[in-house]
Amino acid sequence: MVEPEHRASAAQRLGAQETLGISTLDPGHRPPIMPPGRHVSIKIRMLDDTEEVFDVSQRASGKVVFDLVCTHLNLVEGDYFSLEYQDHHKMMVWLDLLKPIVKQLRRPKHTVLRFVVKFFPPDHTQLLEELTRYLFALQIKHDLACGRLACNDSSAALLVSHIIQSEIGDFEESQSRQHLLNNNYIPDQVALIDKIMEFHSKNVGQTPAESDYQLLEVARRLELYGVRLHPAKDREGSKLSLAVAHTGVLVFQGHTKINAFNWSKVRKLSFKRKRFLIKLRPDLNSSYQDTLEFLMGSRDCCKVFWKICVEYHAFFRLFEEPKPKPKPVLFTRGSSFRFSGRTQKQVIDYVKDSEFKKIPFESARIGNLPVLYELACANVGWVAISEVSGVVSNSPHLSASSGNSQGMVNGQKPVELCGHSPDGRQPSPLTSPLLNDAGSVRTDDEDEVRRKVCGPERAPVKGLELERDCCQLLCGRHCGFKSPNLVGKDEAAPDSLKSTIFSNFDPLYKFQSGFLREVEQRLALWEGRSNAHIKGDYQRIGDVMLKNLQGLKPLTAHLQKHSEALVELEKACRGSRRLEVLVRDFELQKVCYIPLNVFILRPLHRLLHYKQILERLCKHYPPTHVDFRDCRAALADVSEVVAQLHGSMIKMENFQKLLELKKDLIGIDSLVTPGREFIRLGCLSKLSGKGLQQRMFFLFNDVLLYTSRGMTATNQFKVHGQLPLHDMTIRESEDEWGVPHAFTLVGQRQSVVVAASSLSEMEKWMEDIKMAIDLAETSNGHTADLLARSLSDNKSTTEDSCAEAESEDDLMASRTSLERQAPHRGNTTVHVCWHRNTSVSMVDFSVAVENQLSGNLLRKFKNSNGWQKLWVVFTNFSLFFYKTHQDDYPLASLPLLGYSVTIPTESENIHKDYVFKLHFKSHVYYFRSESEYTFERWMEVIRSATVSASSTRILSRKEPHPY
């Protein structure tokens, strides 16, 4: 049974670990300018009940604080929200955006401000971004829980059903009931559990975004939707409550609305001491007096309600923010308070204009330039295809921006322009992209190999820098990480590890940096040249590839020694508690999206990317092309290096995978043993006296482990049993037990009956288990493995010596960090397989190494109106979503194991080109690429993660797979 996944943000729907929003209609918020003065820490409680601390100047206005919150959330439609706090009179008041903080908060350090919805629009479809609707849904959830949004039992049950559909997905009786028993959404919820579950069962197929939409649809029809009741009395002394909404001022008796004064009927609102006054426009057909009077608790209560009425009227009724009145010369009369901020009309127009200004996603002819650009990004670890930004080279119609040398994008200047001439000058804006350099009309063949690649869409050079920083981090040198957890641990690594890493990685880093620089220079010449004398002189890449890959051959010895680096790192981590903490803290950083020891293997992975790219270039070029001979020679060189490292790659990948699994498992001490090879991991249901129970199975070439997920902070899997493969037999047993996709494992000491989730899963497991049994029989349990043997040989001596040599600092690190339960990342491949009820093999991991990609895509949810532009990175079976290519860490991630990738059907009304669809159960995402080539590349790499490989696939290929 899949455990419920609690959401904390719209980004977390895609697997993000942080509470971050995704908004692509705005080019990005910049932090507000901070005035000088002494700084104080301001605590803000978000709608998901998390607290954030912002450091601001005491002289800063309330708007500065509010803008910091919106920037933190990446919130475009922030004008619907505000900050409230409890003043010294114990009243909840809104933070005034115009006044300084010091004049509003008496004790800023001890005051907690709440980020909440302030203005509730009549129709939630006026909220244009999913993040905004999600925050509104959180506000509804909060109002329900505290009793502010009172309603009848049926409405309350319906609202809760949409909330839990968003949080735990489709209805499953035992899961739904247990979730409702553990979480309280409304007062007296126990009495309504059956009714809530009945409604929940009807929500099957709804995505979280759809559930939020339905929640708001139901809530907006309630009488108390968005209403805050302010106690008052009428002239006769009857107890009433006043409230304000988008329509005007409301009067309640208890929770029943008894009167409403529309804005069109109200001439003036005012207060005098404790009396709140509503002056109405003359109406012959009305029995109301000209002025209505209500008595409130105090003058402050009157003023608070009067202010919110002024703000509601301005926000919903005015076209633009009211201008401040000039200050009187002699004396003032009345309050100077006014509404500050954009009106609803301004917000809607702004968001729509931002959507309109987005760069059009035009299709373009594709040649070998995207392959060349992919090569440039392969050198930095993010294999990328860039979106065309600016002039589309094959379009006969030039956009207004094509003649603008400033290259404005979304109203902002790009970071860098690629179109430089060889002498470093900008190309003439008069040069037509439809003409070649000789001034004649460009032919189709030239257009096929020429596309505009603009600066803002360049892939980041962060991959290569991240690998360098990993090495410097381990060896105590200065690096780019600023985490306080990593400070003061410079001497954690032993000298042997430092020597091994830097003697091998420094030459490779220098080589990769130089290679990248030459490819980028060639890209700039390819696209920016306007005065070349020889046609096609720079429109080639084979010479650059050949030169650098010939220079790589002398570095093969360094690449072969990566196995030593893996061994030294593992020995050092077991020998030094301090280094173990350092590595763990690094892997918990947001910038680290894969285990640290995988970065050690990245230079080897890059060779496979070079080979793959050269194969596509040779396939694209005709034999007569000027670049064909160099590309073919470069392909021969890199194939020779890959062949030399083939055996080493297999061992290192297996060793790294064993070390990674060791972190996910508890209850087994000797997972990394000589000769052990990982084959497959995944979910199977084990048949026992209690019925079918979900278990996680791990298949190696000598043993099959089955585990269950521990209910601890570490989220590790506890080993329940070990089944040796020697003399094991396997048979299908669906008919025997009456369980679909069941098979029986008969061992020497016990038999186990398991069931797969589908026929294909059963076939993959049975095929791999049979292969593993054959391996166990032929090897007799002993296979030579250099890496594992070296670890085993050094285990006892290393531990003995470390026990004596461990410093006092190491012991302190042990007591302070490792005695507590260490945090464990719950988004590893093992956990994804557990939640998706699927499996993955070592062959799949090997294929995934070759299939990595990044670039711009437009994303659309199932029921959303617009497309969101994101920088997307595919690696390690997951899509990582970034706001732009310059971001240091992703906003969210989407593990793809278990998903299916297809083409939208006509009934889905996706009337765009180059769109593919990802779906898993009720979760549906559409992604749109900008050309046929990029569409095919994304489909190719995503299929590698969504369609699991079998062991026969690897053995049937004509040339040996590197793994």
Peer 1: Could you please spell out the steps behind the side-chain contact (heavy atoms from CB on, under 4.5 Å) verdict for Glu129 and Tyr134?
Peer 2: CA-CA 9 Å; Glu129 289 212 303; Tyr134 169 67; over 6 Å; no
Peer 1: Is a side-chain donor or acceptor of Gln189 paired with a backbone partner of Tyr185 at a separation under 3.5 angstrom?
Peer 2: yes
Peer 1: Can you confirm if the NZ or CZ of Arg45 lies within 45° of the ring axis of Phe115 and under 6.0 Å from the centre of its six-membered ring?
Peer 2: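 Pair Arg45/Phe115 does not count as cation-pi.
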Peer 1: Taking it one step at a time, do Val347 and Tyr80 satisfy side-chain contact (heavy atoms from CB on, under 4.5 Å)?
Peer 2: CA-CA 9 Å; Val347 174; Tyr80 291 100; 4.1 Å; yes
Peer 1: Report the C-alpha separation of His831 and Thr828 in whole Å, then their side-chain angles, then the decisive distance to 0.1 Å, and conclude whether the side-chain hydrogen bond (donor to acceptor under 3.5 Å, both in side chains) test is met.
Peer 2: CA-CA 5 Å; His831 289 83; Thr828 64; 2.8 Å; yes
Peer 1: State whether the side chain of Trp263 and the backbone N or O of His246 hold a donor-acceptor pair below 3.5 Å, judged by distance alone.
Peer 2: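 Yes, the answer is positive, given that a donor and an acceptor are paired below the 3.5 Å cut-off.
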Peer 1: What heavy-atom pair brings Leu135 and Val117 nearest, and what distance separates the two atoms?
Peer 2: O-CG2, 4.4 Å
Peer 1: Establish, yes or no, whether a centroid distance under 6.0 Å links the rings of Phe81 and Phe136.
Peer 2: yes
Peer 1: Lys917: which residues meet the salt bridge (charged side-chain N to carboxylate O under 4.0 Å, His left out) condition with it, sequence neighbours left out?
Peer 2: Glu908
Peer 1: Any idea which heavy atoms bring Thr207 and Ser922 closest together, and the distance?
Peer 2: CG2-O, 2.8 Å
Peer 1: Check Leu47 against Val116 and note the closest heavy-atom contact, atom names and distance.
Peer 2: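 Residues Leu47 and Val116, closest heavy atoms: CD2-CA, 4.1 Å.
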Peer 1: To the nearest 0.5 Å, what is the distance between CZ on Phe66 and CG on Leu95?
Peer 2: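 Answer for the CZ-CG pair, Phe66 versus Leu95, is 9.5 Å.
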Peer 1: For Tyr889, is there any backbone N or O sitting under 3.5 Å from a side-chain donor or acceptor partner on Asp887?
Peer 2: no
Peer 1: Is there a side-chain contact between Val218 and Leu216, using heavy atoms and a 4.5 Å cut-off?
Peer 2: no
Peer 1: Residues in salt bridge (charged side-chain N to carboxylate O under 4.0 Å, His left out) with Arg133, at least two apart?
Peer 2: none
Peer 1: Give me the atom names and distance for the closest heavy-atom approach of Cys833 to Leu897.
Peer 2: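 Looking at all heavy atoms of both residues, the shortest contact is SG-CD1, 3.8 Å.
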Peer 1: Give the C-alpha distance, both sets of side-chain angles, the deciding distance and a yes or no for salt bridge (charged side-chain N to carboxylate O under 4.0 Å, His left out) between Lys118 and Asp79.
Peer 2: CA-CA 9 Å; Lys118 186 175 185 178; Asp79 302 79; over 6 Å; no
Peer 1: Taking all non-hydrogen atoms of both residues, which atom of Arg695 and which atom of Thr707 are closest, and how far apart?
Peer 2: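 Answer, listing the atom of Arg695 first, then Thr707: CD-O, 3.2 Å.
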Peer 1: Please determine, by modelled atom types, if Asp123 and Thr125 share a side-chain donor-acceptor pair under 3.5 angstrom.
Peer 2: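 Yes, a side-chain donor-acceptor pair sits under 3.5 Å.
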Peer 1: Measure from NZ or CZ of Lys307 to the centre of the six-membered ring of Trp94 and say whether it is under 6.0 Å with the direction within 45° of the ring axis.
Peer 2: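 No.
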Peer 1: Any side-chain heavy atom of Lys43 within less than 4.5 Å of one from Leu113?
Peer 2: no
Peer 1: Excluding sequence neighbours, so at least two apart, what forms salt bridge (charged side-chain N to carboxylate O under 4.0 Å, His left out) with Asp49?
Peer 2: Arg114
Peer 1: Taking Leu128's backbone N and O only, do any of them form a donor-acceptor pair with Glu77's side chain (distance below 3.5 Å, no angle check)?
Peer 2: yes
Peer 1: Taking it one step at a time, do Tyr350 and Gln346 satisfy side-chain contact (heavy atoms from CB on, under 4.5 Å)?
Peer 2: CA-CA 6 Å; Tyr350 170 77; Gln346 288 177 311; over 6 Å; no
Peer 1: Output yes when a side-chain donor or acceptor of Asp170 lies under 3.5 Å from a complementary backbone atom of Val204, and no otherwise.
Peer 2: no
Peer 1: Are Trp306 and Leu269 close enough that some pair of their side-chain heavy atoms sits under 4.5 Å apart?
Peer 2: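 A side-chain contact exists here, since the closest heavy-atom pair is under 4.5 Å.
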Peer 1: Find out whether Lys869 and Leu858 are in side-chain contact, i.e. whether some heavy atom of one side chain is under 4.5 Å from a heavy atom of the other.
Peer 2: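 In contact.
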Peer 1: Stepwise, does the side-chain hydrogen bond (donor to acceptor under 3.5 Å, both in side chains) test hold for Ser878 with Asn876?
Peer 2: CA-CA 5 Å; Ser878 298; Asn876 200 32; 5.6 Å; no
Peer 1: Does the side chain of Phe927 reach to within under 4.5 Å of the side chain of Leu879, using non-hydrogen atoms?
Peer 2: yes
Peer 1: Within a strict 4.5 Å, meaning less than it, do heavy atoms of the Met46 and Glu51 side chains meet?
Peer 2: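 Heavy-atom side-chain distance check fails, nothing below 4.5 Å.
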Peer 1: Sort and list the pairs that fulfil side chain to side chain donor-acceptor pair (under 3.5 Å) and have at least one residue in residues 213-225, not counting sequence neighbours.
Peer 2: His124-Glu217, Glu217-Arg220, Glu217-Arg221
Peer 1: I'd like to know if the side chain of Glu761 and the backbone of Ser758 have a donor-acceptor N/O pair within less than 3.5 Å.
Peer 2: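 Looks like no, no N/O pair under 3.5 Å.
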Peer 1: Can you check side-chain hydrogen bond (donor to acceptor under 3.5 Å, both in side chains) on Gln206 and Ser211, steps first, answer last?
Peer 2: CA-CA 6 Å; Gln206 282 186 11; Ser211 298; 3.2 Å; yes
Peer 1: Determine whether Leu918 and Tyr899 make a side-chain contact, defined as any pair of heavy atoms from C-beta on separated by less than 4.5 Å.
Peer 2: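 Yes, side chains in contact.
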Peer 1: His142: which residues meet the ring pair (Phe, Tyr, Trp, His ring centres under 6.0 Å) condition with it, sequence neighbours left out?
Peer 2: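 Ring pair (Phe, Tyr, Trp, His ring centres under 6.0 Å) check on His142 returns nothing, list empty.
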Peer 1: With a 6.0 Å cut-off on the ring centroids, do Phe276 and Phe294 count as close?
Peer 2: no
Peer 1: Whether the side chain of Gln86 engages the backbone of Thr111 through a donor-acceptor N/O pair (distance < 3.5 Å, no angle test) should be reported.
Peer 2: no
Peer 1: Heavy atoms, side chains only, cut-off 4.5 Å: are Leu192 and Leu180 in contact?
Peer 2: no
Peer 1: Give a yes or no on whether the backbone of Asp234 and the side-chain of Ser238 come within a donor-acceptor separation of less than 3.5 Å.
Peer 2: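 No, Ser238 side chain to Asp234 backbone: no donor-acceptor pair under 3.5 Å.
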Peer 1: Main chain of His162, side chain of Ser166: is a donor-acceptor contact present, judged purely on distance under 3.5 Å?
Peer 2: no
Peer 1: What are the two closest heavy atoms between Ile164 and His200, and how far apart are they?
Peer 2: CD1-ND1, 3.4 Å
Peer 1: Looking at Asp188, I want to see if its CG is surrounded by more than 12 non-hydrogen atoms of other residues, nucleotides or ligands under 6.0 Å.
Peer 2: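 Incorrect, the count does not exceed 12.
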Peer 1: Sub-3.5 Å donor-acceptor pair from the side chain of Glu172 to the main-chain atoms of Gln175, do we have one?
Peer 2: yes
Peer 1: Above 12 or not: heavy atoms from other molecules or residues under 6.0 Å from CD of Glu173?
Peer 2: no
Peer 1: Is the Tyr312 ring parallel, tilted or perpendicular to the Phe316 ring (thresholds 30°, 60°)?
Peer 2: tilted
Peer 1: Ignoring hydrogens and angles, state whether a donor on the side chain of Ser708 or His720 is under 3.5 Å from an acceptor on the partner side chain.
Peer 2: yes
Peer 1: Is there a side-chain hydrogen bond (donor to acceptor under 3.5 Å, both in side chains) between Asn863 and Glu210 once you walk through the steps?
Peer 2: CA-CA 7 Å; Asn863 288 330; Glu210 291 170 336; 2.4 Å; yes
Peer 1: Once rounded to the nearest 0.5 Å, what's the spacing between atom CD1 of Ile348 and atom OG1 of Thr343?
Peer 2: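 Reported value, rounded in 0.5 Å steps: 8.5 Å.
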Peer 1: Test Leu105 against every option in Asp87, Val65, Ile42 by the side-chain contact (heavy atoms from CB on, under 4.5 Å) rule and name the one that passes.
Peer 2: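 The single option meeting the side-chain contact (heavy atoms from CB on, under 4.5 Å) with Leu105 is Ile42.
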Peer 1: If the condition is salt bridge (charged side-chain N to carboxylate O under 4.0 Å, His left out), which residues does Arg148 pass it with, not counting sequence neighbours?
Peer 2: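 Residues passing salt bridge (charged side-chain N to carboxylate O under 4.0 Å, His left out) with Arg148: Asp143.
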Peer 1: Any chance you could lay out the side-chain contact (heavy atoms from CB on, under 4.5 Å) test for Ile910 and Tyr926, step after step, and finish with the verdict?
Peer 2: CA-CA 9 Å; Ile910 305 295; Tyr926 300 99; 4.0 Å; yes
